[in-house]
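These numbers were taken from a predicted model, which means no experiment stands behind them.
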Amino acid sequence: MARNTTTTVLIAAMLTFAVEAVARGSLGEALLFFVEPYRPALATVALFTLLLLALDGLLGRLHMGVLVLAPIVLGLAATGLQKSYYLGDPLYPTDFLYGRQILELLPLLARERLGTAVLIVLIFAALAVLVPMAWIGWRRRGRAILLSDRMVRLAVAVPLIALYASILDYSTFSWTRDRLRISPMMWDQKANYQHNGFTLAFALNVPMAKVAAPKGYSPEAVQAVGKPVLQPISVPEERPDIIMVMSESFWDPTRLPGVTLTPDPIAFTRQHQSGNIFSPEFGGMTANVEFEALTGFSNAFLPYGSIPYQQYVRNSAPTLASFLKSEGYETQAMHPFEGWFWNRAQVYEAFGFEDFRSVENMPKLETRGTLVSDDALTEQIIARAERARDPLFLFAVTLQSHGPYEPGRYPQESIKVGGRMDDWTRGSIATFAEGMHDADKSMRRLIEWAEKRERPTVIAYFGDHLPPLGPAYVGTGFLDDNVAPRTGSAGEMKRVRETPLVVWSNRKGSAEDIGTVSPSFMPLLVLRQAGIEHPYYTGLLGELHDRYRVVDRHLLIGADGKGIRDWSRSKQPDRLVTDMRMLQYDALFGEKYGSKRFFPKRSPVGPLIAGPSPGPRLPSGRNPV
């Protein structure tokens, strides 16, 4: 048995090296993981050894466990490598909550890296044939393990695997974990995976799916949040329509160094721009930006790698939509894609939207390139607003400019790209710039329509995140890698996170000097433009905005523009920030001690609109478009 165990250890060591080489995309970095003494390579080998011993004990054949373990961990490592290429983040256990979304987007992703896509398909096809053949062969010819030896393997391996599971709780100190050189770095996941290796870092993230209560959480602590007397709800007699459009990957491509674009693709936006959104994401994860913009809450107070739409939104939650609905507004959401994507159909219902129009229940809309055009969606927004009898809150997410940006997506391009670059980079930038030009024209159409309305109307238009331009960033010198870093100074992070923001109304024009703000401040900015006050959205959130413009997981940016890096690791973080985290936990996961105080609901009173609306009244929230 000793000789067989030695062989198992060698197999575990080779598997560990293979996983690291695949996950890091480098044999050299995988070798460093083994030779640098402060890395937990031996701890990973030990874990794989225990798993292989346990699997052999269960299967009854010597070294058969590798046929189960190797495809799983190598497949995860390969998936992690591809995710880091597109989004810059490692693979988290929570990522499998949106596996269906990834499958839906595969045709788009494959067009950009066709060779890689073909290679991946061939590898999976080969494995689909070879693994079952090896399994059958091993079952027939592999050396059987005596029942007594199987019991010994399980008796040794299972308790030790359980010990590993217990020490992976990063929130508590573990002497054993420390001796094994496992160092949880949950505040910096790139460093976490770099130091601990793919397997252990992935395992360390498993407990993060659960949101722990903040220290000191209690009814008294929640009631102590904010001022003793909060700002009451106040709504103007003429309640304006509020239209928020989150534009897919809406960004200023003239920021690419050494690139000239003729004409300016976002000229109208530039004339009306109020400020910038500091996106919590880069190149994707739209739903996390959407979560902040609709709730006024922050991803910074959730576990790293969280996807609130997939993990946490199960019941009704306080949102901008639910508040306005309680004030007599019709609440409408629109997105010209499948309703299940990012779990939007269920989330929008929980958020207080009376109706959600997706590709399933919209009329067939014109496409531009491969996706529904921004122009077509804009016409749907206008049609819905024109049919509203009561004040309308409409939230729309566009689709046309979703990446990747393969050259030649648009047969006729109106934006000329100048500068020194290779043909692929030029074509990719041309595709993206054309999409931005279309988005800019759509916003112009929306504002020019609203200018002619008698009904007061507020329009907010912003980008969710920078586009996944990948190699074009490197080719132009905007980035050193395909994706932006997660941490850095306030100036550097603004450069790689800012997207344009316009907050406008047909009574006041464009809001000015908003600066760069987190999307969680969108309810504050929109309600201020609408002349509406609320205990949380313009009260407590307004207090936070007076002190900080950006609340990010790694960075706070104050009203003075100065950044505070790694604030969450401070032993004494700002009380206002910890109060916000306390209230967010209470509202989403806790006992809702603060609901009546911060999110009161009242019956709407007084006239709901500025004037009559054309046409007969239709059922609220179910007006056809």
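- Rounded to the nearest 0.5 angstrom, L555 CG and I564 CD1 are separated by 8.5 Å.
- Between D579 and R581 there is no salt bridge, since none of the side-chain N atoms of the basic residue sits less than 4.0 Å from a carboxylate O of the acidic one.
- By the 4.0 Å N-to-carboxylate-O rule, E281 lies close enough to R486 to be salt-bridged with it.
- A donor-acceptor contact under 3.5 angstrom links the side chains of E498 and T516, judged on distance only.
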Where do Y593 and S218 land on the side-chain hydrogen bond (donor to acceptor under 3.5 Å, both in side chains) test, with the steps shown first?
CA-CA 8 Å; Y593 300 128; S218 66; over 6 Å; no
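- No side-chain N or O of Y329 forms a donor-acceptor pair with one of D390 less than 3.5 Å apart.
- Judged by distance alone, with hydrogens and angles left aside, the side-chain atoms of E338 form no donor-acceptor pair with the main-chain N or O of W340 at under 3.5 Å.
- Classified by interplanar angle (parallel below 30°, tilted 30° to 60°, perpendicular above 60°), the ring pair Y348/F353 is perpendicular.
- Residues forming a ring-ring contact (aromatic ring centres under 6.0 Å, His included) with F395 (at least two apart in sequence, or on another chain): none.
- A donor-acceptor pair shorter than 3.5 Å cannot be found between the side chains of T398 and Q400.
- A cation-pi arrangement, defined by a distance under 6.0 Å to the six-membered ring centre and an angle within 45 degrees of its axis, is present between R553 and Y304.
- Within the 4.5 Å cutoff, the side chain of I382 has heavy atoms near those of the R445 side chain.
- Aromatic ring pairs are classed by plane angle as parallel below 30°, tilted from 30° to 60° and perpendicular above 60°; the pair F297 and F291 is tilted.
- Residues E292 and S518 have side chains that never bring a donor and an acceptor to within less than 3.5 angstrom of each other.
- In summary, the side chains of N506 and E451 do not present any donor paired with an acceptor at a separation below 3.5 Å, with no hydrogens or angles considered.
- Within the 6.0 Å centre-distance limit, the rings of F250 and Y461 are counted as a close aromatic pair.
- Side-chain contact check for L394 versus M244: every heavy-atom pair is 4.5 Å or farther apart.
- Taking the side chain as every heavy atom from C-beta outward, Q231 and H534 never approach each other to under 4.5 Å.
- Around atom CD of E448, more than 12 heavy atoms belonging to other residues, nucleotides or ligands sit under 6.0 Å away.
- We find that E290 and R344 are joined by a salt bridge, their nearest charged nitrogen and carboxylate oxygen being less than 4.0 Å apart.
- Summarising the local packing, CD of E349 is surrounded by 12 or fewer heavy atoms from other residues, nucleotides or ligands at distances under 6.0 Å.
- Within the 4.5 Å cutoff, no side-chain heavy atoms of M493 are placed close to those of V550.
- Looking at R597, its side chain does come within 3.5 Å of a backbone N or O of Q223 through a donor-acceptor pair.
- Side-chain contact, S373 with D375: no donor N or O sits under 3.5 Å from an acceptor N or O.
- Nearest heavy-atom pair, G216 versus A221, reported as atom, atom and distance to 0.1 Å: O-CB, 3.3 Å.
- Checked against the 6.0 Å centroid threshold, F599 and Y536 count as a close aromatic pair.
- Between the side chains of H465 and T286, at least one donor N or O lies within less than 3.5 Å of an accepting N or O.
- Looking at I381 and V245, their side chains come closer than 4.5 Å, going by heavy atoms from C-beta outward.
- Taking the six-membered ring where the residue is Trp, the centroids of F301 and Y585 are separated by 6.0 Å or more.
- One finds no salt bridge joining K441 and D374 here, because no Lys/Arg side-chain nitrogen approaches an Asp/Glu carboxylate oxygen to under 4.0 Å.
- With contacts defined as side-chain heavy-atom distances shorter than 4.5 Å, the pair N288/D464 does not qualify.
- The shortest side-chain heavy-atom distance between E434 and P265 does not fall under the 4.5 Å cut-off.
- W449 and E386 share a donor-acceptor pair across their side chains, judged by distance under 3.5 Å alone.
- Interatomic distance, D560 CG to R547 CZ, rounded to the nearest 0.5 Å: 12.0 Å.
- The distance between the ring centers of F351 and Y309 falls below 6.0 angstrom.
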